[in-house]
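Heavy-atom basis, side chains included; hydrogens, waters and symmetry copies ignored.
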Amino acid sequence: MRLDGVLFFPVTPFGADGELAEPVLARHVADGVAAGAGGVFTACGTGEFNALDLGEYSRVVATAVAATEGRAPVFAGAGGTLPASKAIARAAAAQGADGLLLMPPYLVTGPASGLVRYVREVAETVALPIIVYQRGTARFTPEAVASLAQLPNVVGFKDGLGDFDLLQRIILTVRQSTDQEFTFFNGLPTAEFTVPAYRGIGVSLYSSAVFAFAPEIALAFYKAVTGGDEVLVQRLLTGFYLPLVELRDTVPGYAVSLVKAGVRLRGLDVGGVRAPLMDPSPEHVAVLERLIATGLEIAGA
């Protein structure tokens, strides 16, 4: 179940009728694994977890597991209300997922002790390894994460806040509290943009939304950053990732809908996004197309 390399977060394709397009998802996942994904995170944020009913969710996980064919671990998203999160966790286990990415309980702000209780109750529902996602309403204290690290199936912590002072405190506290392997991830949107900063505090794993539509760029960046090619890292950050982040920040939800548009631009019709997200405007799609071309050129693809 060890995760390594570039982590792939596939989109969830919908057909012209708005229904789940499983054959397209199977191809999308299989192509990503063939390109070199170190792990597949399906039905997560990029996969519009928030927009799927339980039946669709189960089909997405089953399709991803089948398409991966055991070549990479498959983690499935979970979250929302506590009863829903437990039901989702059970569905992921039933469909053969290797683990869960436990996202925040939406629209509820609780203390760290309440978040620990939430994670603990989900962890008691299934035996799957769980990565806890710190983002939005889910903000953990170092002591809270250290207590979660004692649970046998809580194996990692994904940071989506970008508060480096807090994250460093969490890492040090966890390392002092357990000898068990516990993995930290960079989970910010367009994570490559902050990879150098996260690596500075010892966090090397990150989720790559770009891999979903331009694996050539994502892999070139990964090889450059792990191989010490600072020149290529800076060229990709400046010429591709910086303008991509600026485009992403123009409209709420573009962190997902731009990825889906990128997949369509690369030749796979995955349909549009579901409400409340909105598809990018034609002008922004044109900008994205130019950015992809620039990124591929810099990557030498």
Side-chain angles (χ1 to χ4, degrees), residues 6-37 39-80 84 87-101 103 189 207-216 218 248 251 253-282 284-285 288-289 292:
V6 179
L7 306 182
F8 171 33
F9 286 66
V11 302
T12 297
F14 302 118
D17 58 358
E19 297 300 311
L20 180 65
E22 287 155 282
V24 181
L25 175 61
R27 178 182 166 188
H28 182 44
V29 172
D31 287 349
V33 174
V40 176
F41 284 70
T42 193
C44 295
T46 303
E48 295 181 79
F49 163 83
N50 63 291
L52 303 175
D53 65 31
L54 186 58
E56 290 174 325
Y57 173 89
S58 295
R59 290 158 56 198
V60 167
V61 176
T63 300
V65 169
T68 303
E69 297 181 324
R71 292 171 291 169
V74 177
F75 276 68
I88 289 163
R90 287 190 289 266
Q95 299 303 330
D98 297 301
L100 297 175
L101 176 63
M103 295 179 279
S207 55
S208 176
V210 170
F211 186 90
F213 64 88
E216 307 95 328
R248 181 201 72 199
V251 176
Y254 264 19
V256 174
S257 55
L258 278 178
V259 175
K260 214 163 193 182
V263 178
R264 293 195 301 271
L265 285 171
R266 298 304 303 280
L268 186 62
D269 186 1
V270 292
V273 293
R274 284 179 172 174
L277 299 179
M278 293 294 293
D279 291 311
S281 67
H284 287 161
V285 171
L288 178 62
E289 187 171 22
I292 293 173

Student: Per the salt bridge (charged side-chain N to carboxylate O under 4.0 Å, His left out) rule, which among E48, E56, E19 passes with R274?
Tutor: E56
Student: How long is the gap from OG1 on T46 to CZ on F211, to the nearest 0.5 Å?
Tutor: 13.0 Å
Student: Are any non-hydrogen side-chain atoms of P280 and V251 less than 4.5 angstrom apart?
Tutor: no
Student: What is the minimum heavy-atom distance between Q95 and S58, and which atoms define it?
Tutor: CG-O, 3.5 Å
Student: In Å and rounded to the nearest 0.5 Å, what is the CZ to CZ distance from F41 to F9?
Tutor: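 Result: 5.0 Å between the selected atoms.
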Student: Decide side chain to side chain contact (heavy atoms under 4.5 Å, CB included) for V60 and L25; before the verdict, give the C-alpha distance in whole Å, the side-chain angles of both, and the deciding distance to 0.1 Å.
Tutor: CA-CA 8 Å; V60 167; L25 175 61; 3.9 Å; yes
Student: When rounded to the nearest 0.5 angstrom, what distance separates CZ in R27 from CG in D269?
Tutor: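 If I round to the nearest 0.5 Å, the distance is 10.5 Å.
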Student: Is the side chain of S257 donor-acceptor paired with the backbone N or O of D279 at a distance under 3.5 Å, no angle test?
Tutor: no
Student: From R266 CZ over to E289 CD, what is the distance, rounded to the nearest 0.5 angstrom?
Tutor: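 Rounded to the nearest 0.5 Å, the CZ-CD separation comes out at 10.5 Å.
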Student: Is it true that a side-chain atom of K260 and a backbone atom of T12 form a donor plus acceptor pair closer than 3.5 Å?
Tutor: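 Looks like yes, one N/O pair under 3.5 Å.
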Student: If you take all heavy atoms of V263 and A212, which pair is closest and at what distance?
Tutor: CG2-O, 3.5 Å
Student: Between atom CG of L258 and atom CZ of R248, what is the distance when rounded to the nearest 0.5 Å?
Tutor: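 Between atom CG of L258 and atom CZ of R248 there are 9.5 Å.
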Student: Ring-plane angle category for F8 and H28, please: parallel below 30°, perpendicular beyond 60°, tilted otherwise.
Tutor: perpendicular
Student: Closer than 3.5 angstrom, by distance alone: can the side chain of R264 be matched with the main-chain N or O of V270 as a donor-acceptor pair?
Tutor: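 Judged by distance alone, no pair lies under 3.5 Å.
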Student: Should the ring pair Y57 and F49 be called parallel, tilted or perpendicular, given that the plane angle runs from 0 to 90° and is split at 30 and 60?
Tutor: perpendicular
Student: What distance separates N50 CG from L277 CG, expressed to the nearest 0.5 Å?
Tutor: 6.0 Å
Student: Please report the shortest heavy-atom distance between V6 and S208, naming the atom on each side.
Tutor: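 Heavy atoms only, the tightest pair is CG1-CB, 3.6 Å.
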